[in-house]
Amino acid sequence: MIRQFFDSSSLETWINTYESDLKTVLNDKNPKEIRIFFESRNPAEAELLIDTSLYEVVHAAGQNVTESAWIEEFHIVEKELNKALIDEDPMLPDFAEEVAFLKNHKGLFMYPYDFVFKYDQKNIKIYADTDRNLKYVDHNGKRLYFPRKSDNDIASEYIQLIMEQDPESPHTYFSKDCCFNDGDIFVDVGAAEGIISLDVVEKAKEIYLIECSDDWIEALEATFEKYKDKIHIIPKFAGRSDYGNTITLDTLLKDYNDENIFIKIDAEGMELDILKSAVNVIICNNCKLACCTYHAAEQEEELTVFFENLGYTCTPSDGYMLFRFGRMVLLNGKYERLERPYFRRALVRAHK
């Protein structure tokens, strides 16, 4: 039922041409054929679909690929990167520090810097809330709840969360010039567990958590129950248009004018689409933004141009990431293999 994911008759030709291909992907168990399918599509066709409903089509495809196929794909990428960055001399002078780190530690670290060794998953204690039948960690004196997973999975996720927001991490959202202040409104797009919102909840005037995954909603409600007078949990996708379970930031925040708003976006490659639906909010308010750029190679340049065209000062985060998880990219129709020089900026920050 591919057609259910389209809402525009203008896509009829595209559907007729590629419907059989999409059906193949939906049932495919071979990651090599998945790569061939997405890499062979005309970029113009992909852009047309992004404007409407590419997300739903590719999300459906990604969700129907078996876990074993994803594991196989991950190992293919891992093998290629080990050869390119560790076993051989890549001669990447702009990334000499990062390459030296990988070679020295003989591993493909997402954050190729010494700060990662400050964190040990064994030190994470998991608590049980028997009344809710949920588990949580103590995050800076507050309970951060998780969906129903094993203690090991929760500890692994939490260690990655606090690692990515280390002051030395290339993925930390806040900086001296792009900070969160008392009384600001916080918009957390791609909230997941809500750890960033929890960090600023005491200072925030209001918080909007946009998270489409049903797995996270119950945990978010538990984490922020104490603050529900200022918390708005939006169980939708943020996107370019308002339809179905998708909402634009312009619609969500239409009542705000001349407010101080911090917008954080981590949306697995859909950052620019979301921003294109937030121009009124950005223009009519005093906004600061931190948007991830590592999901696709061209994102840093595209987001920088977008912000600068709106009169914002735009700066990348310090350092680089080695992002090799094609699964997340595939879910948003931007599947690509990592290519030389392999490293990417984690995010850009924008402010007036």
Side-chain angles (χ1 to χ4, degrees), residues 31-32 34-51 54-55 58-59 61-62 70 73-86 88 90-99 101-102 108-113 164 169-173 189-190 240 264-276 289-309 314-350:
K32 295 178 182 178
I34 295 172
R35 291 201 301 275
I36 291 171
F37 173 79
F38 283 100
E39 291 172 357
S40 65
R41 298 283 69 84
N42 186 308
E45 296 163 343
E47 180 60 28
L48 171 65
L49 287 174
I50 288 172
D51 284 341
L54 173 64
Y55 183 90
V58 182
H59 183 74
W70 286 124
E73 168 67 0
F74 180 79
H75 288 323
I76 291 171
V77 175
E78 193 173 55
K79 182 177 180 180
E80 292 175 356
L81 288 175
N82 266 294
K83 181 179 180 181
L85 290 169
I86 297 175
E88 298 179 355
M91 297 181 65
L92 298 172
D94 292 339
F95 305 98
E97 176 187 356
E98 290 77 15
V99 172
F101 179 93
L102 299 180
L108 297 173
F109 291 75
M110 182 181 293
Y111 308 115
Y113 305 101
E164 76 174 18
S169 168
H171 197 298
T172 184
Y173 289 110
V189 182
R240 183 178 286 191
K264 161 256 170 183
I265 306 179
D266 185 353
E268 299 180 7
M270 302 300 287
E271 286 78 6
L272 184 59
D273 282 357
I274 293 168
L275 287 167
K276 287 178 179 178
L289 304 100
C291 300
C292 290
T293 59
Y294 60 89
H295 297 104
E298 73 280 1
Q299 276 191 282
E300 180 186 351
E301 180 179 359
E302 289 179 346
L303 293 182
T304 299
V305 170
F306 175 87
F307 287 128
E308 290 180 347
N309 284 340
C314 188
T315 55
S317 55
D318 295 330
Y320 298 90
M321 287 178 61
L322 182 65
F323 180 71
R324 61 192 191 279
F325 300 96
R327 175 175 187 168
M328 295 174 68
V329 181
L330 173 62
L331 292 180
N332 289 296
K334 297 183 179 181
Y335 181 83
E336 59 182 11
R337 307 303 297 281
L338 266 182
E339 296 180 353
R340 188 183 178 94
Y342 311 112
F343 299 97
R344 297 173 179 173
R345 296 283 189 182
L347 56 89
V348 294
R349 306 186 188 98

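With sequence neighbours left out, the side-chain contact (heavy atoms from CB on, under 4.5 Å) criterion links P90 to L85, L92, V99, K103, R340. Annotation: ring-ring contact (aromatic ring centres under 6.0 Å, His included) contacts of F306 (sequence neighbours excluded): none.
In terms of heavy atoms, R324 sits closest to F109 at NH1-C, 4.5 Å. Listed here is the closest heavy atom pair of A346 and S317: N-OG, 3.7 Å. Between C292 and Q299, the shortest heavy-atom distance links the atoms O-NE2, 3.8 Å. The two residues P170 and L347 have their closest heavy-atom pair at O-CG, 4.1 Å.
Using cut-offs of 30° and 60° for the angle between ring planes, the Y294 and H171 rings count as tilted.
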* Asked: Given V189 and E271, is the side-chain contact (heavy atoms from CB on, under 4.5 Å) satisfied, shown in steps?
  -> CA-CA 9 Å; V189 182; E271 286 78 6; over 6 Å; no

* Take L81 and K79 through the side-chain contact (heavy atoms from CB on, under 4.5 Å) test and state the conclusion after the steps. => CA-CA 6 Å; L81 288 175; K79 182 177 180 180; over 6 Å; no

* Chi angles and distances behind the side-chain contact (heavy atoms from CB on, under 4.5 Å) call for L275, I265 -> CA-CA 9 Å; L275 287 167; I265 306 179; 3.7 Å; yes

* Kindly determine whether V348 and T315 satisfy side-chain contact (heavy atoms from CB on, under 4.5 Å), including the steps that lead there. => CA-CA 6 Å; V348 294; T315 55; over 6 Å; no

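Note that the CZ atom of F323 and the NE2 atom of H295 stand 5.0 Å from one another [nearest 0.5 Å]. The distance from atom CD of E268 to atom CE of M270, rounded to the nearest 0.5 Å, is 10.0 Å. For the atom pair CE of M321 and OG of S169, the computed distance is 7.5 Å after rounding to the nearest 0.5 Å.
By the 4.5 Å heavy-atom criterion applied to side chains, T293 and R344 are not counted as neighbours. For the pair E78/I76, no side-chain contact is recorded, criterion being any heavy-atom separation below 4.5 Å from C-beta on. The closest side-chain heavy-atom distance from L322 to L102 is below 4.5 Å. Residues R349 and C314 form no side-chain contact, since every pair of their non-hydrogen atoms from C-beta on lies 4.5 Å or further apart.
A side-chain N or O of Y113 and one of E98 form a donor-acceptor pair less than 3.5 Å apart. A side-chain donor from one of R345 and Y320 sits under 3.5 Å from a side-chain acceptor of the other.
More than 12 heavy atoms of other shown residues, nucleotides or ligands fall within 6.0 angstrom of atom CD in E308.
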